[in-house]
*Asks:* 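I have a structure I would like to understand better, so I am pasting it below and will then ask my questions one at a time.
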2 protein chains.
Amino acid sequence: MLYSDMRIILQLLHSHMPVVPTDALKPRKSPRQARSTATVTAIHEATIQVLLSDGMARLTTTRVAQRAGVSVGTMYQYFPHKQALLYAVLDQYLDEVVVAIEEACTRYQGARLCEMSDGLVNAYLNAKLRYLPGSLAPYTVAADLDTARLISDVLQRTDRAIARLLASVPDAGFDDIAAVTFAVRTLLVGTVRASLESDSSPAALAMLRKQLPLMCRAYLVAASRGGVA
Amino acid sequence: MLYSDMRIILQLLHSHMPVVPTDALKPRKSPRQARSTATVTAIHEATIQVLLSDGMARLTTTRVAQRAGVSVGTMYQYFPHKQALLYAVLDQYLDEVVVAIEEACTRYQGARLCEMSDGLVNAYLNAKLRYLPGSLAPYTVAADLDTARLISDVLQRTDRAIARLLASVPDAGFDDIAAVTFAVRTLLVGTVRASLESDSSPAALAMLRKQLPLMCRAYLVAASRGGVA
DNA sequence: ACCTGAACACCGTTCAAGT
DNA sequence: ACCTGAACACCGTTCAAGT
């Protein structure tokens with residue numbers, strides 16, 4: 001088959017991709033007693049441990065259960081399937097990052113263009129690298145899940161915060177705030193990921209920390225109506 | 001290398017993320033007769049078909065073999081494991097994209113900053129979107145493989161082409177070409193991926209096509225020594 | 001030289017039986 | 001309520017037997 005045929009096939013079968021509806025990824029039932037609450041957190045932490053020590057490819061349900069000190073059956077009482085384990089971990093991680101972005105956007109509300117650009121970039125970099133410097137674990141986890149809804153929620157919150165920040169800049173105005181918001185968010189998320197995946201050495205991180213603020217500032221200045229005052 | 005050696009290596013590598021050494025991902029043996037050449041291409045194309053019609057999660061070895069019209073045993077004669085199937089598909093796809101970048105870098109050799117920036121960005125966008133507009137298939141494939149070496153090779157070729165292009169710009173100079181090359185490459189790869197993953201609708205693609213050239217140009221102007229002549 | 005497909009090992013998931 | 005772990009279905013991989 002030629003690659004040119006792939007487009008048609010792709011469009012015809014576009015709806016096949018989501019394997020598991022997002023709703024089904026949440027914990028199966030809420031714990032009602034102290035004992036089971038401890039079980040749930042133990043499973044949650046065991047997932048993180050196995051993920052970091054053994055890697056995504058060797059993360060099996062029995063291994064997580066063993067690490068958590070429970071049987072597989074117990075695990076399935078609270079998490080409907082393996083994906084739910086990972087979903088919970090990713091959910092928590094993404095929330096931390098989004099909160100960091102929202103806080104930065106609030107802190108730099110009304111700040112001048114260059115200052116707020118650097119503040120936003122550094123806040124994102126710090127959040128991404130705080131606990132897992134150079135770790136690709138979140139990306140490998142996300143790749144195995146149907147994260148459409150989760151990611152969509154996260155991006156909506158992020159975009160709302162960034163748009164409000166951009167609108168508050170005193171020394172610049174933007175004709176199309178939605179487009180600039182999209183560009184800035186894509187720039188942050190994309191470059192950090194691409195950078196980490198290609199090379200997560202300290203030297204590469206240093207490059208990223210130096211060049212990304214430059215990229216963001218330069219773009220914002222170029223995109224602002226009539227340049228910076 | 002004998003396959004029995006690989007199994008030992010696999011078990012020795014028990015403690016780290018890369019599950020399979022990249023060398024082992026290539027086809028197991030070269031076909032010596034016309035019949036088996038046809039078999040290999042049939043398997044290769046069947047992998048693409050199953051990937052696009054059923055998605056990564058439902059791509060099984062038996063399904064690919066069935067689609068290719070051969071038995072599983074035959075498949076394993078040419079591809080040492082499932083990952084090798086996907087590796088071959090990804091390898092071909094990435095090569096197409098890299099060639100497109102290299103061609104663009106040659107074409108815009110000696111062109112002025114803005115012209116060459118736009119040329120490079122558009123060449124990358126066209127290559128990524130030519131056959132699979134908005135498709136995430138390459139990313140989902142890559143996520144399941146140990147692609148360290150493959151990606152490393154691709155990035156090396158890309159960086160060499162971009163660095164040569166940057167050095168040839170007549171109306172601007174760069175103090176640290178390596179850093180700017182890293183930044184431009186990361187910007188291209190990262191933003192396109194992040195954009196596609198968040199929203200692959202025509203509207204989002206249009207935004208990307210408009211904002212990415214702006215980002216790249218603005219960054220290059222800002223990074224050039226003493227500004228554009 | 002190339003192909004076949006039953007057999008094996010392993011993993012995700014369930015459920016009857018326990019406290 | 002909560003937990004257990006043998007049992008089941010499915011998938012990646014192999015190998016003795018075929019042409």
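Predicted model, so just to flag it, every value in this text is computed and none were measured. Numbers restart at 1 for each chain; the letters A, B, ... are given by sequence-line order, proteins then strands.
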*Asks:* Round to the nearest Å and state the distance from A:Phe79 atom CZ to D:dC3 atom P.
*Replies:*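 In whole Å, D:dC3 P and A:Phe79 CZ are 12 Å from each other.
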
*Asks:* Does A:Thr74 have a side-chain nitrogen or oxygen under 4.0 Å from the phosphate oxygens OP1 or OP2 of D:dT4?
*Replies:*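 Looking at the OP1 and OP2 atoms of D:dT4, one of them is under 4.0 Å from a side-chain N or O of A:Thr74.
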
*Asks:* Considering only nitrogen or oxygen atoms on both sides, find all protein atoms under 3.5 Å from nucleotides 7-12 of chain D and state each distance.
*Replies:*
residue, atom, partner, partner atom, Å
D:dG12, OP1, B:Lys82, NZ, 2.9
D:dG12, OP2, B:Thr61, N, 2.8
D:dG12, OP2, B:Thr61, OG1, 3.0

*Asks:* Answer yes or no: is there an ion pair linking B:Asp95 with B:Arg157, defined by an N-O contact shorter than 4.0 Å?
*Replies:*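 Here B:Asp95 pairs with B:Arg157 in a salt bridge, since their nearest N and O are under 4.0 Å apart.
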
*Asks:* Between A:Leu212 and A:Leu188, is a side chain to side chain contact (heavy atoms under 4.5 Å, CB included) present by the stated rule, with each step listed?
*Replies:* CA-CA 8 Å; A:Leu212 185 52; A:Leu188 289 179; 4.3 Å; yes

*Asks:* Under 4.0 Å: is that the gap between some side-chain N or O of B:Thr39 and OP1 or OP2 of C:dC2?
*Replies:* no

*Asks:* Distance from A:Thr106 atom OG1 to A:Arg164 atom CZ, nearest 0.5 Å?
*Replies:*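 Between atom OG1 of A:Thr106 and atom CZ of A:Arg164 there are 5.0 Å.
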
*Asks:* May I have the distance from A:Leu85 (atom CG) to C:dT13 (atom C1'), rounded to whole angstrom?
*Replies:* 12 Å

*Asks:* OH of B:Tyr78 versus P of D:dT14: gap in Å, rounded?
*Replies:* 16 Å

*Asks:* Could you spell out the base pairing of DNA chain C in dot-bracket, with Watson-Crick or G-U pairs whose two distances are under 3.5 Å, [ ] crossing and | to another strand?
*Replies:* ||.|||||...|||||.||

*Asks:* With distance as the sole criterion, is a donor-acceptor pair present between the side chains of B:Ser198 and A:Arg185 under 3.5 Å?
*Replies:*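 Judged by distance alone, the side chains do pair up.
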
*Asks:* Look at the side chain of B:Gln83 and the backbone N and O of B:Asp144, then say whether any donor-acceptor pair between them is shorter than 3.5 Å.
*Replies:* yes

*Asks:* I need the CD-C1' distance between B:Gln83 and D:dT13, as an integer number of Å.
*Replies:* 13 Å

*Asks:* Using a strict 4.0 Å threshold on nitrogen-to-oxygen distance, state whether B:Glu102 and B:Arg107 make a salt bridge.
*Replies:* no

*Asks:* Suppose the criterion is salt bridge (charged side-chain N to carboxylate O under 4.0 Å, His left out): which pairs have a residue in residues 62-85 of chain B, not counting sequence neighbours?
*Replies:* B:Asp54-B:Arg63

*Asks:* From the set C:dG5, D:dC3, C:dC2, return the single nucleotide nearest to any side-chain atom of B:Gln77.
*Replies:*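 Nearest to the side chain of B:Gln77 among the choices is C:dC2.
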
*Asks:* So what does B:Val70 touch, heavy atoms closer than 4.0 Å: a base, only the sugar-phosphate, or nothing?
*Replies:*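 Touches sugar-phosphate only.
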
*Asks:* Which heavy atom in B:Asp159 sits nearest to a heavy atom in B:Thr181, and how many Å separate them?
*Replies:* O-CG2, 3.5 Å

*Asks:* So which one's nearest nucleotide on DNA chain C is more toward 5', A:Gly73 or B:Val72?
*Replies:* B:Val72

*Asks:* Please state how far atom CE in A:Met75 lies from atom C1' in C:dC15, giving the value in whole angstrom units.
*Replies:* 16 Å

*Asks:* Nearest 0.5 angstrom please: B:Leu205 CG to B:Asp199 CG, how far?
*Replies:*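 Here the interatomic distance stands at 8.0 Å.
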
